[in-house]
2 protein chains.
Amino acid sequence: MSIELAVSSVILALRPRPEGAQTSRTTDAPAKTLWTPLVRRIREPYQGSWALPGGPLGLECGLAQAARETLRRTTGLDPRYLEQLYCFGGLDRARGTSDPLPSAELVHGQVRPPRVVSIVYWALVRPEEDAAATPIDAAGGIDPVNVSWFPVDDLPDLAFDHREILTYALDRLRAKITYSPIAHAFLPDAFTLADLREVYESVLDRDIDPANFRRQMLARGHLEATGEKLTGASHRPPSLYRYRAQLVATSPTPPPRSAS
Amino acid sequence: MSIELAVSSVILALRPRPEGAQTSRTTDAPAKTLWTPLVRRIREPYQGSWALPGGPLGLECGLAQAARETLRRTTGLDPRYLEQLYCFGGLDRARGTSDPLPSAELVHGQVRPPRVVSIVYWALVRPEEDAAATPIDAAGGIDPVNVSWFPVDDLPDLAFDHREILTYALDRLRAKITYSPIAHAFLPDAFTLADLREVYESVLDRDIDPANFRRQMLARGHLEATGEKLTGASHRPPSLYRYRAQLVATSPTPPPRSAS
DNA sequence: TCAAAAGTGTTCAAGCTACACCCATGC
DNA sequence: GCATGGGTGTAGCTTGAACACTTTTGA
């Protein structure tokens, strides 16, 4: 018995908050919230539970590439932002935190579950990537049944240690958005400062002063006015901005450097 | 052919700067600098080159545990601070960045080098841990020949992509020391503010105002006066401090949370 | 004209930097 | 006393939070 190597991904996208969702905040919460796609396990252990999309690492495949391919196959997504999160390799991962060994494993006469080392990536999805996604099942067809999106503050029971992994990814996102220009990974190429602020407010789950936010973002020098304005709303039309080209992080592979 | 899983470590300790070392700074550099132990490879590829200490992942061994054991076996070290750095799994790692395939591999009739995925940890070594270390060779004896320490700003040629990995570890250290109380990982239990400042100055390679440094460190609330003073020097005896117990990070396993 | 969000100006508090200055010890 | 680093005080600058106020659009 050797060690199995798997690559999984935590995928995060901003979508409208579900109707009537319970919110932890007393004041009005942001209109959007983070969602993540999960796949239903079709075999033991944890058959029927939801899990992070993932699969075994192929021989001819770099780590990030493996993450991309599993992601495209299971969820139909091809996100621009993809970064390694952590490598999990504890001895007891395969049987969950404190649950007894699933019976199917015993049937196979296996005393110990297989040892799995998971390299987990996290991905941020832009609206157009989100819209273009179509999950494909094992037979090559569309698979709307075994892939489903959930708001991250209302998750079902997850297999293995996947809930802890997801929580860790959220911590990382909230930390990183404060010092690194990754909010653009949730936005189209051109956006208003209100759009950008909505990303920050949704991720950090708190209101941000629009006036101060504007000054801070512009002072960082990452933004560039397109010259266009967004008309149509019944108020003063806001300017459109884009991130300066060299700062548009795709996949920071090998090791990500913290952009200033 | 399957994928090999290895665990390696970047180990960092503060030691006196070597005599007459070239320094990048015009002003007087800190008296100490970072050193790292490397092991000499005894087989192809890269036979004779220096490499990060590491070894294959054992079946019965957690990732961090595997790092600890290789570390103790090769360098004799048992550092308190150990944290996962990154997982490297590129396709061409085994044969180096742009070198031709080493001949020994061809002799074995292998067209491609074995695919290796390395989970790399980084460790910070305290002075007493450093002093207690005694490298052990494969036969179980002391091995002073194939393990050697180098200042990180004067490294020999390294095998594989290990130089990039080391550079990445240094970046991470310099970033993390500014927002997390990890400097204690280079210090004994009790230390003066001058000791602590020396760690920061050595890692960041710049002078720090003692007065402001004192106030900042004390304001963070991580330090606690022992009540003792360090006598013997020909000036006012400085107070000794320790880090508050709950903040003494050992091995942040699973995922490290950024301490405030 | 009004509502609503864009965008600007101003004030206040907190934190950091630079540097002057006193304190305690060994020689 | 004198040199040396420990430790305190303080003025000036920068940054960010809070919020008043003007601008520009659609209805």
Side-chain angles (χ1 to χ4, degrees), chain A residues 25 27-32 174-175 177-181 183 187 190-242 260, chain B residues 16 27-32 174-175 177-181 183 187-188 190-202 204-242 260:
Chain A
R25 306 170 65 211
T27 128
D28 48 352
K32 292 189 176 175
R174 295 193 183 106
I177 205 176
T178 64
Y179 66 85
S180 175
L187 292 173
F191 51 87
T192 67
L193 280 165
D195 295 332
L196 186 61
R197 184 164 50 85
E198 185 179 45
V199 173
Y200 279 79
E201 289 182 333
S202 303
V203 168
L204 300 176
D205 196 33
R206 63 180 166 84
D207 292 329
I208 297 174
D209 183 295
N212 295 328
F213 181 79
R214 142 183 300 276
R215 271 185 296 252
Q216 288 164 14
M217 287 300 134
L218 295 179
R220 285 187 191 178
H222 296 149
L223 294 182
E224 187 173 66
T226 65
E228 314 263 304
K229 285 182 185 295
L230 181 67
T231 57
S234 75
H235 54 75
R236 180 171 171 176
S239 295
L240 286 169
Y241 295 85
R242 58 171 159 257
S260 61
Chain B
T27 129
D28 49 350
K32 292 189 176 175
R174 295 194 183 104
I177 204 175
T178 63
Y179 66 86
S180 174
L187 293 173
F191 50 86
T192 66
L193 279 165
D195 295 332
L196 186 61
R197 183 164 50 86
E198 185 179 45
V199 173
Y200 278 79
E201 289 183 334
S202 303
L204 300 176
D205 196 34
R206 62 179 166 83
D207 293 329
I208 297 173
D209 183 299
N212 297 326
F213 180 79
R214 143 182 301 275
R215 272 184 295 251
Q216 287 165 11
M217 287 300 133
L218 294 179
R220 286 187 190 176
H222 297 148
L223 294 181
E224 186 174 66
T226 65
E228 313 262 304
K229 285 182 185 294
L230 181 66
T231 58
S234 74
H235 54 75
R236 178 171 173 177
S239 294
L240 287 169
Y241 295 85
R242 59 171 159 257
S260 61

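None of the values given here were measured: they were computed from a predicted structure. Heavy atoms only: backbone and side chains are in, while hydrogens, waters and symmetry mates are out. Chain A is the first sequence line, chain B the second, and so forth, proteins listed ahead of strands; every chain is numbered from 1.
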N/O to N/O distances under 3.5 Å, protein versus nucleotides 2-9 of chain D:
unit_1 : atom_1 : unit_2   : atom_2 : d
D/dG6  : N2     : B/Arg236 : NH1    : 3.1
D/dG7  : OP1    : B/Ser239 : N      : 3.1
D/dG7  : OP1    : B/Ser239 : OG     : 3.2
D/dG7  : OP2    : B/Arg214 : NH2    : 2.3
D/dG7  : O5'    : B/Arg214 : NH2    : 2.8
D/dG9  : N7     : B/Arg215 : NH1    : 3.0
D/dG9  : O6     : B/Arg215 : NH1    : 3.4
D/dG9  : O6     : B/Arg215 : NH2    : 3.0

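- Residues passing the side chain to side chain donor-acceptor pair (under 3.5 Å) test with B/Asp209: none are found, sequence neighbours excluded.
- The CD atom of A/Gln216 sits 11 Å away from the P atom of D/dA18 (whole-angstrom rounding).
- In this view, B/Arg215 and B/Asn212 satisfy the side chain to side chain donor-acceptor pair (under 3.5 Å) rule, not counting sequence neighbours.
- For B/Glu224, the salt bridge (Lys or Arg N to Asp or Glu O under 4.0 Å) partners at least two apart in sequence or on another chain are B/Arg242, B/Arg244.
- The nearest whole Å value for the distance from the CZ atom in B/Arg220 to the C1' atom in C/dA14 is 16 Å.
- Here A/Thr178 pairs with A/Leu204 under the side-chain contact (heavy atoms from CB on, under 4.5 Å) rule; sequence neighbours left out.
- As rounded to whole Å, 12 Å separates atom P of D/dA18 from atom CD1 of A/Ile208.
- Take B/Ala225 and apply the side-chain contact (heavy atoms from CB on, under 4.5 Å) test, not counting sequence neighbours, and it matches B/Tyr241.
- Closest approach of B/Glu201 and B/Ile208 over heavy atoms only: OE2-N, 2.9 Å.
- The separation between A/Met217 atom CE and C/dG7 atom C1' is 16 Å, rounded to whole Å.
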